[in-house]
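Okay, structure first, notes after.
All values below come from the heavy atoms of this structure, side chains included, with hydrogens, waters and symmetry mates left out. No experiment lies behind these values; they were computed from the predicted model shown.
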Amino acid sequence: MKTFILCYLATTMGLSIFIFQDTELKESMQRGSEIYADFCVTCHLEKGEGVANTFPPLAGSDYLIKNREGSIRGIKYGQNGTLIVNNITYKGVMPPMGLEDEEVVDVMNFIANSWGNTTNEIVTLEEVQAIQKK
(Lines give C-alpha, C1' and ligand atoms only; values in the text may rest on other atoms or scores of the structure.)
Protein backbone atom coordinates (compact mmCIF):
# COMPACT_ATOMS: atom_id res chain seq x y z
CA MET A 1 0.00 0.00 0.00
CA LYS A 2 2.83 2.36 0.91
CA THR A 3 4.51 1.70 -2.44
CA PHE A 4 1.26 2.42 -4.28
CA ILE A 5 0.83 5.77 -2.50
CA LEU A 6 4.42 6.77 -3.21
CA CYS A 7 4.07 5.84 -6.89
CA TYR A 8 0.76 7.70 -7.09
CA LEU A 9 2.26 10.84 -5.53
CA ALA A 10 5.34 10.73 -7.75
CA THR A 11 3.21 10.31 -10.88
CA THR A 12 0.83 13.08 -9.86
CA MET A 13 3.69 15.47 -9.12
CA GLY A 14 5.40 14.61 -12.40
CA LEU A 15 2.25 15.23 -14.40
CA SER A 16 1.59 18.48 -12.53
CA ILE A 17 5.07 19.77 -13.36
CA PHE A 18 4.66 18.79 -17.03
CA ILE A 19 1.23 20.43 -17.31
CA PHE A 20 2.39 23.55 -15.45
CA GLN A 21 5.47 23.90 -17.68
CA ASP A 22 3.36 23.40 -20.82
CA THR A 23 0.90 26.10 -19.67
CA GLU A 24 3.76 28.38 -18.63
CA LEU A 25 5.43 27.95 -22.06
CA LYS A 26 2.21 28.67 -23.94
CA GLU A 27 1.58 31.83 -21.92
CA SER A 28 5.19 32.96 -22.39
CA MET A 29 4.97 32.31 -26.14
CA GLN A 30 1.76 34.36 -26.38
CA ARG A 31 3.43 37.32 -24.68
CA GLY A 32 6.53 36.73 -26.83
CA SER A 33 4.52 36.85 -30.05
CA GLU A 34 3.30 40.33 -29.09
CA ILE A 35 6.83 41.48 -28.30
CA TYR A 36 8.05 39.98 -31.59
CA ALA A 37 5.35 41.91 -33.47
CA ASP A 38 6.46 45.14 -31.80
CA PHE A 39 10.25 44.82 -31.97
CA CYS A 40 11.42 42.06 -34.32
CA VAL A 41 9.03 41.69 -37.24
CA THR A 42 10.41 44.65 -39.18
CA CYS A 43 13.74 42.90 -39.81
CA HIS A 44 13.02 39.20 -39.31
CA LEU A 45 9.57 39.38 -40.95
CA GLU A 46 6.22 37.90 -39.97
CA LYS A 47 7.15 34.25 -40.38
CA GLY A 48 10.71 34.60 -39.12
CA GLU A 49 12.16 34.16 -42.61
CA GLY A 50 14.51 37.17 -42.36
CA VAL A 51 15.84 39.03 -45.40
CA ALA A 52 18.35 37.23 -47.62
CA ASN A 53 21.94 38.30 -46.97
CA THR A 54 20.77 41.10 -44.66
CA PHE A 55 18.82 39.83 -41.65
CA PRO A 56 19.19 36.16 -40.67
CA PRO A 57 16.17 33.91 -40.49
CA LEU A 58 14.76 32.81 -37.17
CA ALA A 59 12.58 30.17 -38.82
CA GLY A 60 14.43 26.87 -38.94
CA SER A 61 17.54 28.58 -37.57
CA ASP A 62 20.38 26.26 -36.62
CA TYR A 63 22.08 29.12 -34.75
CA LEU A 64 19.05 29.79 -32.58
CA ILE A 65 18.84 26.19 -31.39
CA LYS A 66 22.57 25.35 -31.23
CA ASN A 67 23.63 28.61 -29.61
CA ARG A 68 20.96 29.30 -27.03
CA GLU A 69 23.15 31.52 -24.84
CA GLY A 70 24.35 33.57 -27.82
CA SER A 71 20.77 33.94 -29.04
CA ILE A 72 19.60 35.20 -25.67
CA ARG A 73 22.60 37.53 -25.43
CA GLY A 74 21.82 38.95 -28.89
CA ILE A 75 18.22 39.69 -27.93
CA LYS A 76 19.22 41.11 -24.56
CA TYR A 77 22.20 43.27 -25.58
CA GLY A 78 22.12 43.49 -29.36
CA GLN A 79 24.67 41.98 -31.66
CA ASN A 80 27.21 42.97 -34.29
CA GLY A 81 29.80 41.25 -36.41
CA THR A 82 29.72 37.98 -38.28
CA LEU A 83 26.98 35.46 -37.64
CA ILE A 84 26.55 32.17 -39.51
CA VAL A 85 22.98 30.93 -39.76
CA ASN A 86 22.10 27.85 -41.81
CA ASN A 87 25.55 28.03 -43.49
CA ILE A 88 25.02 31.62 -44.66
CA THR A 89 27.24 34.39 -43.29
CA TYR A 90 25.60 37.58 -42.11
CA LYS A 91 27.54 40.71 -41.22
CA GLY A 92 25.53 43.39 -39.58
CA VAL A 93 24.26 45.03 -36.48
CA MET A 94 21.23 44.29 -34.36
CA PRO A 95 20.86 47.10 -31.86
CA PRO A 96 19.68 46.36 -28.34
CA MET A 97 15.91 46.57 -28.21
CA GLY A 98 15.74 47.77 -24.62
CA LEU A 99 13.71 44.77 -23.49
CA GLU A 100 13.34 43.81 -19.85
CA ASP A 101 14.66 40.37 -18.93
CA GLU A 102 11.08 39.04 -18.65
CA GLU A 103 10.42 40.21 -22.22
CA VAL A 104 13.61 38.53 -23.43
CA VAL A 105 12.36 35.28 -21.85
CA ASP A 106 9.03 35.55 -23.64
CA VAL A 107 10.33 36.46 -27.08
CA MET A 108 13.02 33.78 -26.87
CA ASN A 109 10.41 31.15 -25.92
CA PHE A 110 8.28 32.34 -28.84
CA ILE A 111 10.99 32.21 -31.52
CA ALA A 112 12.55 29.00 -30.16
CA ASN A 113 9.17 27.24 -30.55
CA SER A 114 7.81 28.76 -33.77
CA TRP A 115 8.31 28.29 -37.52
CA GLY A 116 9.71 24.78 -37.25
CA ASN A 117 11.91 25.51 -34.23
CA THR A 118 11.45 23.42 -31.12
CA THR A 119 13.24 23.24 -27.82
CA ASN A 120 12.74 20.79 -25.01
CA GLU A 121 13.63 23.30 -22.33
CA ILE A 122 11.75 26.50 -21.53
CA VAL A 123 13.85 29.65 -21.29
CA THR A 124 13.67 30.97 -17.74
CA LEU A 125 14.12 34.36 -16.14
CA GLU A 126 17.05 33.03 -14.10
CA GLU A 127 18.76 31.88 -17.31
CA VAL A 128 18.34 35.29 -18.96
CA GLN A 129 19.47 37.17 -15.84
CA ALA A 130 22.65 35.07 -15.68
CA ILE A 131 23.76 36.05 -19.19
CA GLN A 132 26.16 38.97 -19.14
CA LYS A 133 27.28 41.28 -21.94
CA LYS A 134 30.62 40.27 -23.40
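Summarising the geometry, atom CE belonging to Met29 is positioned 10.5 Å from atom CD1 belonging to Ile111; distances are rounded to the nearest 0.5 Å. Between the CD atom in Glu27 and the CD atom in Glu24 there is a gap of 8.0 Å [rounded to 0.5 Å]. Here the CZ-CZ distance, from Arg31 to Phe110, works out to 13.5 Å after rounding to the nearest 0.5 Å.
When hydrophobic clusters are built by joining Ile, Leu, Val, Met, Phe, Trp and Tyr residues whose side-chain heavy atoms come closer than 4.5 Å, directly or via intermediates, Val105 is grouped together with Phe39. If you chain together hydrophobic residues whose side chains sit under 4.5 Å apart, Val123 and Leu25 never meet in one group. Under the 4.5 Å side-chain contact rule for hydrophobic residues, Leu125 and Ile122 do not share a cluster.
Note: Trp115 and Tyr36 have tilted aromatic rings, judged against thresholds of 30 and 60 degrees for the angle between ring planes.
Under the ring pair (Phe, Tyr, Trp, His ring centres under 6.0 Å) criterion, Tyr63 pairs with no residue, sequence neighbours left out.
Across all their heavy atoms, Pro57 and Ser61 have their closest contact at O-CB, 3.5 Å. Nearest heavy-atom pair across Gln79 and Gly74 is OE1-CA, 3.0 Å. Between Met108 and Arg68 the shortest heavy-atom distance is CE-O, 4.1 Å. Contact between Gln132 and Gln129 at its shortest, heavy atoms only, is NE2-O, 3.5 Å. Minimum heavy-atom separation, Asp106 to Ser28: OD1-OG, 2.7 Å. For the pair Lys76 and Val128, the tightest heavy-atom approach, listed with the atom from each and the gap, is NZ-O, 2.7 Å.
Using a distance-only test at 3.5 Å, with no hydrogens or angles considered, a donor-acceptor pair links the side chain of Ser71 to the main chain of Asn67. No donor-acceptor pair under 3.5 Å is formed between the side chain of Tyr77 and the backbone N or O of Lys134. Between the side chain of Asn117 and the main chain of Leu58, a donor-acceptor pair closer than 3.5 Å is present.
Applying the under-4.5 Å side-chain rule to Ile, Leu, Val, Met, Phe, Trp and Tyr, the cluster around Leu45 extends to Val51, Phe55.
Counting only heavy atoms from C-beta outward, the side chains of Thr119 and Asn113 approach each other to under 4.5 Å.
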Hey, can you pull the donor-acceptor pairs under 3.5 Å for the side chains in residues 81-104, sequence neighbours left out?
from, atom 1, to, atom 2, distance (Å)
Asn86, OD1, Asp62, N, 2.9
Asn86, ND2, Gly60, O, 3.2
Glu103, OE1, Glu100, N, 2.7

